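Shown next, in structure tokens, is the structure this report addresses.
All values reported here derive from a predicted model rather than from experimental measurement.
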Amino acid sequence: MSEPQQIVFDHNGKKYKIDEFYKSLLFQFIMDSNFLRNERDLLLVIKRKTLHFGKVSDHLSFSWLMKATGLKRVTLRNTINTAEQKGLITIKKSKGGRIDSATKYSEYRISSTMLQYVGKEWLKIKDGEGFAESYIYE
């Protein structure tokens, strides 16, 4: 099994490698924010399928998202649209269909705005402890 790719974020011209603490801060941010329950569930599922497994984005089918979130088709569609409009997630839609594939696998990711916000909080803590420089990505 291959190693997960190193996930980095940019801040003031430097690239920083994220660690498990960053992932836990993102989880805490999602849980503590005033997102609607369905948005929170969607964000947690996308976080799990991406950052948890060392990926920035992942191709997910709508039917898989329905199972993972427990939401019905119309509710999930509305939740995805709302989350995308609010800038919580970014979606690269699949062409899919019967010719290319029986299932559409769109590419989902947590928005870079949210990742940058959590990254700044992560850096404040790491700087305070004197560890931020050791996470600079070369």
Which distance, rounded to the nearest 0.5 Å, do you find between the [atom1] of [X] and the [atom2] of [Y]?
X: Ile46; Y: Ile89; atom1: CD1; atom2: CD1; result: 4.5 Å
X: Glu20; Y: Leu51; atom1: CD; atom2: CG; result: 10.0 Å
X: Leu44; Y: Leu26; atom1: CG; atom2: CG; result: 8.5 Å
X: Arg109; Y: Leu60; atom1: CZ; atom2: CG; result: 12.5 Å
X: Leu36; Y: Thr79; atom1: CG; atom2: OG1; result: 8.0 Å
X: Ser57; Y: Ile110; atom1: OG; atom2: CD1; result: 11.0 Å

For this session: For the pair Thr75 (side chain) and Leu71 (backbone), establish whether a donor and an acceptor sit closer than 3.5 Å, ignoring hydrogens and angles.
Result: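 No, the answer is negative, given that no donor and acceptor are paired below the 3.5 Å cut-off.
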Exercise. Backbone N or O of Leu25 within a donor-acceptor pair of the Glu121 side chain at under 3.5 Å?
Worked result: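 No; zero donor-acceptor contacts below 3.5 Å.
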Exercise. What are the two closest heavy atoms between Gly54 and Ile7, and how far apart are they?
Worked result: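 Shortest heavy-atom separation between Gly54 and Ile7 comes out as C-CD1, 3.5 Å.
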Problem set entry | Heavy-atom closest contact (Ile91 atom, Ser106 atom, distance) |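 Ile91 and Ser106 have their closest heavy atoms at CG2-CB, 3.9 Å.
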For this session: Output, in order, the C-alpha distance, side-chain angles, deciding distance and verdict of salt bridge (Lys or Arg N to Asp or Glu O under 4.0 Å) for Lys55 and Asp58.
Result: CA-CA 7 Å; Lys55 299 184 266 184; Asp58 200 1; 3.0 Å; yes
For this session: Report the C-alpha distance between Val45 and Trp64 in whole Å, list the side-chain angles of each, state the deciding distance to 0.1 Å, and finish with yes or no for side-chain contact (heavy atoms from CB on, under 4.5 Å).
Result: CA-CA 10 Å; Val45 166; Trp64 185 87; 3.5 Å; yes
Exercise. Does a sphere of radius 6.0 Å around CZ in Phe29 hold more than 12 heavy atoms from other residues, nucleotides or ligands, not counting ones at 6.0 Å or beyond?
Worked result: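 Count over threshold, so yes.
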For this session: Could you give me the CA-CA distance, side-chain angles and deciding distance for Leu42 and Leu76, then say whether side-chain contact (heavy atoms from CB on, under 4.5 Å) is met?
Result: CA-CA 8 Å; Leu42 179 64; Leu76 178 59; 4.3 Å; yes
Problem set entry | Where at least one partner belongs to residues 73-86, residue pairs that pass salt bridge (Lys or Arg N to Asp or Glu O under 4.0 Å), sequence neighbours excluded |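 As it turns out, the salt bridge (Lys or Arg N to Asp or Glu O under 4.0 Å) pairs with a partner in residues 73-86, which skip direct neighbours, are Glu39-Lys86, Glu84-Lys93.
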For this session: Return each pair, listed once, that meets salt bridge (Lys or Arg N to Asp or Glu O under 4.0 Å) where at least one residue sits in residues 41-50; pairs must be two or more places apart or across chains.
Result: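 Sorted pair list: Arg37-Asp41.
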Which residues share a side chain to side chain contact (heavy atoms under 4.5 Å, CB included) with [X], sequence neighbours left out:
X: Asp19; answer: Phe21, Tyr22, Trp122, Lys126, Tyr135
X: Lys120; answer: His11
X: Ser111; answer: Thr90, Thr113, Met114

For this session: Test Val8 against Tyr16 for side-chain contact (heavy atoms from CB on, under 4.5 Å), laying out the working first.
Result: CA-CA 5 Å; Val8 298; Tyr16 293 90; over 6 Å; no
Exercise. Of all residues at least two apart in sequence or in a different chain, which pass the ring pair (Phe, Tyr, Trp, His ring centres under 6.0 Å) check with Phe35?
Worked result: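 Once residues adjacent in sequence are excluded, Phe35 has no partner under the ring pair (Phe, Tyr, Trp, His ring centres under 6.0 Å) criterion.
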Exercise. How far apart are the C-alpha atoms of His52 and Lys23, what are their side-chain angles, what is the distance that settles it, and do they pass the side-chain contact (heavy atoms from CB on, under 4.5 Å) test?
Worked result: CA-CA 7 Å; His52 180 78; Lys23 294 173 190 178; 5.5 Å; no
